[in-house]
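To keep things clear, I will list the structure first and then write my remarks on it.
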Amino acid sequence: MDLISKTEQILKEVIEKNNFDEEAIVLSVSSKPELGQFQYNGAMAIAKKRGMNPRAIAEQIANGLNEYDVFENINIAGPGFINISFNAACLKEYLSEIIKDMSQNVKKYPSKKVFFDYGGANVAKALHVGHLRTANIGEALKRLTKLVGNEVMSDVHLGDIGRQSGMVIFQLREEHPDWVFFDENYDGEYPTEIGITNADLERIYPLASTRAKEDENIMEEVRKITAELDNGRKGYTKLWDIIRKISIENIKETYNGLNAEFDLWEGETDSYPYIDEMLQVLKDNGCLVESQGALVCDVADESDKAEIPPLVVIKTDGTTLYATRELATILSRMKRFNPDELIYVVDNRQGMYFEQVFRTAYKSNLVSKDVKFTFVGVGTMNGKDGKPFKTRDGGVMKLDSLIGEIKEETSKYVKDNENMDEKEQKDVSDKVAVAALKYADLLPNVEKDYIFDLTKFCSLEGKTGPYILYSAVRMKSLLSKAGDNEYKLNDIYSQTEKDIITKVLEMPIRIDKAYRNKTLSDVTEYIYEIDSLFNKFYAENRILTEDNESKKQSWLFLTKLVYEVNKLLLDVLAILIPDRM
Ligand code: ARG
């Protein structure tokens with residue numbers, strides 16, 4: 001168990017022994033480090049409840065803590081803040097334990113099965129920067145959720161049907177009217193190849209979209225095709241299957257490049273087999289009413305402060321829509337995987353929609369009340385003008401181009417490195433680029449919009465991916481030069497070393513905060529803080545040439561300790577550390 005949780009347990013024992021009742025016991029980092037490493041501020045609350053003097057309470061707790069031989073210098077400050085430090089023996093024992101497996105330095109939760117839905121790219125449309133954040137944040141939240149003890153699963157939930165399908169099929173029909181896919185009377189074998197690449201799709205979709213916007217007749221045609229596809233018209237379905245495959249290959253490549261890994265590569269259409277049953281459940285529970293020809297579910301509640309409109313489940317023309325497939329997907333996930341919680345990491349502009357969906361799912365008993373739904377609404381990456389990020393000529397910025405720009409910038413870190421062959425140079429600069437992008441993306445709170453700044457994100461200084469990687473690589477190479485020994489913490493020689501150790505002990509608090517708030521900023525900030533301390537320590541000492549062997553051992557121990565923290569937490573962020581930079 002991590003030392004913070006262990007100490008909180010000790011506090012709980014002491015508090016109970018004294019017959020005080022304080023439920024949530026939280027240890028925090030000391031606001032006055034000269035007085036102690038951590039502090040407990042609960043004495044004031046206990047005193048208030050009982051009408052007693054907080055200092056007297058603090059003293060009783062402090063006396064109780066002194067019975068345990070893990071602390072030193074327990075003292076009380078101000079009205080009753082209890083300052084706590086761990087003694088050398090306790091630190092040595094704990095640190096030599098976690099250095100072997102840093103995941104022990106994390107607060108653990110009873111295991112639940114948590115299902116993650118993120119990524120959400122749309123087939124036949126190029127990925128844009130909006131899909132970047134949900135992929136990065138979703139992947140990291142999933143890994144964080146696993147780290148604290150849960151079982152996790154993920155699905156990319158591709159937008160693989162909808163208006164864009166109608167548009168692409170329309171445009172292809174215009175360009176190849178003789179294809180058998182368009183012949184309603186055709187009953188032979190359909191081709192499985194159509195000689196179209198993803199690059200073609202990048203031309204076809206925007207073209208069709210512009211045409212449909214300019215011409216209402218075309219838009220009407222697109223709607224008709226979309227409805228026919230939804231109804232299973234054979235030629236269209238076969239054609240769309242081919243397009244789907246081409247597009248998914250490309251989407252996979254992009255997500256691979258971002259180290260986003262999905263257990264399931266399902267799309268909205270994978271829910272089709274569950275639609276009838278889902279509708280039946282809604283009907284049976286009185287959750288489907290007719291409204292202007294459509295079927296809707298009323299989800300408003302008396303206590304609502306803002307109006308929540310009904311959720312449209314079936315359109316007036318009888319076809320399905322995003323929400324239909326959403327609800328059927330929920331049914332499919334419940335039946336196949338039975339998760340305790342479903343977490344959706346999606347653009348925060350879909351917040352109202354998900355509120356409607358979750359309410360419908362509960363109200364209709366599609367999902368029982370003890371299953372938890374969580375919507376993690378994600379802000380967008382904006383350009384310097386504060387509007388969604390665009391290309392230089394004002395077009396929609398494609399994710400691949402954005403990543404390309406960053407790779408170009410980070411390639412300069414390795415360009416003239418004679419020690420690396422070309423392959424390694426590319427590998428390293430790609431890793432630095434992904435780190436730059438991810439770190440910048442995960443640094444602000446998830447719901448906040450932020451401004452894309454290539455130079456800043458790629459800088460070697462400040463809170464950036466390259467700075468973090470550079471620090472981690474420095475530790476890694478130091479350790480490899482020193483040889484792969486098991487190092488020993490013999491003594492602590494300086495204030496910086498003490499600070500590093502306190503920072504390592506603080507890790508469970510920060511990880512826990514990130515997990516509970518469903519945001520990664522505490523993880524990114526924390527890595528920056530500990531790496532900055534390490535770099536200070538590195539500048540203060542000549543580790544490898546130190547004559548005092550015992551000192552050198554301790555320093556290498558600390559280096560490895562911080563490296564292990566980096567390894568674990570960068571893995572949570574899905575950032576890979578190169579061997580050198
Ligand atoms: N394809 C959607 C979009 O691009 C995101 C999907 C999010 N997940 C979900 N279960 N609806 O907006």
Side-chain angles (χ1 to χ4, degrees), residues 114-139 141-142 153-168 201 205-206 209 226 230 240 243-244 247-248 250-252 254-255 258 260 262-272 274-275 278 311-313 320-334 336-337 339 341-361 366-367 371-381 388-389 396-399 446-447 518:
V114 187
F115 194 104
F116 279 87
D117 178 317
Y118 61 95
N122 297 315
V123 165
K125 288 202 226 176
L127 268 80
H128 56 79
V129 295
H131 294 110
L132 172 76
R133 285 204 90 196
T134 64
N136 287 341
I137 293 170
E139 183 65 32
L141 278 184
K142 178 187 73 181
M153 256 195 100
S154 58
D155 177 24
V156 60
H157 199 71
L158 296 169
D160 63 351
I161 188 154
R163 183 70 54 81
Q164 85 268 27
S165 325
M167 293 204 176
V168 171
L201 290 176
Y205 171 73
S209 168
T226 311
D230 186 56
W240 184 243
I243 294 163
R244 193 175 182 264
S247 179
I248 291 177
N250 178 261
I251 294 170
K252 274 194 176 161
T254 306
Y255 282 148
L258 291 171
F262 299 94
D263 297 310
L264 302 174
W265 273 89
E266 297 188 356
E268 293 179 33
T269 57
D270 287 288
S271 74
Y272 276 178
Y274 295 86
I275 289 181
M278 178 277 293
L311 180 70
V312 178
V313 181
T320 70
L321 69 168
Y322 187 43
T324 326
R325 302 183 289 266
E326 194 80 68
L327 291 165
T329 302
I330 291 175
L331 177 65
S332 149
R333 289 175 183 166
M334 290 316 299
R336 290 153 67 209
F337 312 113
E341 182 173 7
L342 292 114
I343 299 185
Y344 295 79
V345 184
V346 186
D347 189 313
N348 58 23
R349 283 166 292 190
Q350 292 189 34
M352 168 67 95
Y353 160 78
F354 275 100
E355 181 61 31
Q356 294 171 298
V357 167
F358 298 162
R359 286 186 183 201
T360 303
L366 197 62
V367 166
V371 174
K372 193 172 168 197
F373 279 118
T374 303
F375 172 70
V376 178
V378 165
T380 36
M381 180 203 265
F389 197 52
V396 175
M397 180 55 121
K398 285 187 221 133
L399 190 46
V446 294
E447 77 281 359
K518 302 270 176 289

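Numbering of ligands and ligand atoms starts at 1, following listing order.
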Problem set entry | Flag, side chain of T134 to backbone of V346, donor-acceptor distance under 3.5 Å | no
For this session: Give yes if a backbone or side-chain nitrogen or oxygen of V346 is under 3.5 Å from a nitrogen or oxygen of ligand 1, and no if not.
Result: no
Exercise. Can we say R244 and D270 salt-bridge, meaning some charged N sits less than 4.0 Å from an Asp/Glu carboxylate O?
Worked result: yes
Problem set entry | For ligand 1, the portion of L158 having any non-hydrogen atom under 4.0 Å away | neither
Problem set entry | Polar side chain donor-acceptor pair, E326 to Y353, under 3.5 angstrom | yes
For this session: Give the residue and atom name of whichever protein heavy atom lies nearest to atom 10 (N) of ligand 1, and the separation in Å to one decimal.
Result: E326 OE2, 2.6 Å
Exercise. With a 4.0 Å cut-off, would you call R336 and E266 a salt bridge?
Worked result: yes
Seminar exercise, completed: atom 4 (O) of ligand 1 has as its nearest protein heavy atom N122 ND2, 3.0 Å
For this session: Below 4.0 angstrom from a heavy atom of Y344, which ligand 1 atoms are there? Numbered from 1 as shown, please.
Result: 10 (N)
For this session: With heavy atoms of H131 as the reference, note each atom of ligand 1 found under 4.0 Å away.
Result: 4 (O)
Exercise. Does ligand 1 have a heavy atom under 4.0 Å from the side chain of Y118, from its backbone, from both, or from neither?
Worked result: neither
For this session: Determine, using ring centers only, whether Y118 and F262 are less than 6.0 Å apart.
Result: yes
Exercise. What residue and heavy atom of the protein are closest to atom 8 (N) of ligand 1, and at what distance?
Worked result: D117 OD1, 3.1 Å
Exercise. Looking at atom 12 (O) of ligand 1, what's its closest protein heavy atom, distance included?
Worked result: Q350 NE2, 2.9 Å
Problem set entry | Backbone of G267 reached by a side-chain donor or acceptor of R325 within 3.5 Å | no
Problem set entry | Identity and separation of the nearest protein heavy atom to atom 6 (C) of ligand 1 | Y322 OH, 3.3 Å
Problem set entry | Between Y322 and E268: side-chain donor-acceptor atoms closer than 3.5 Å | no
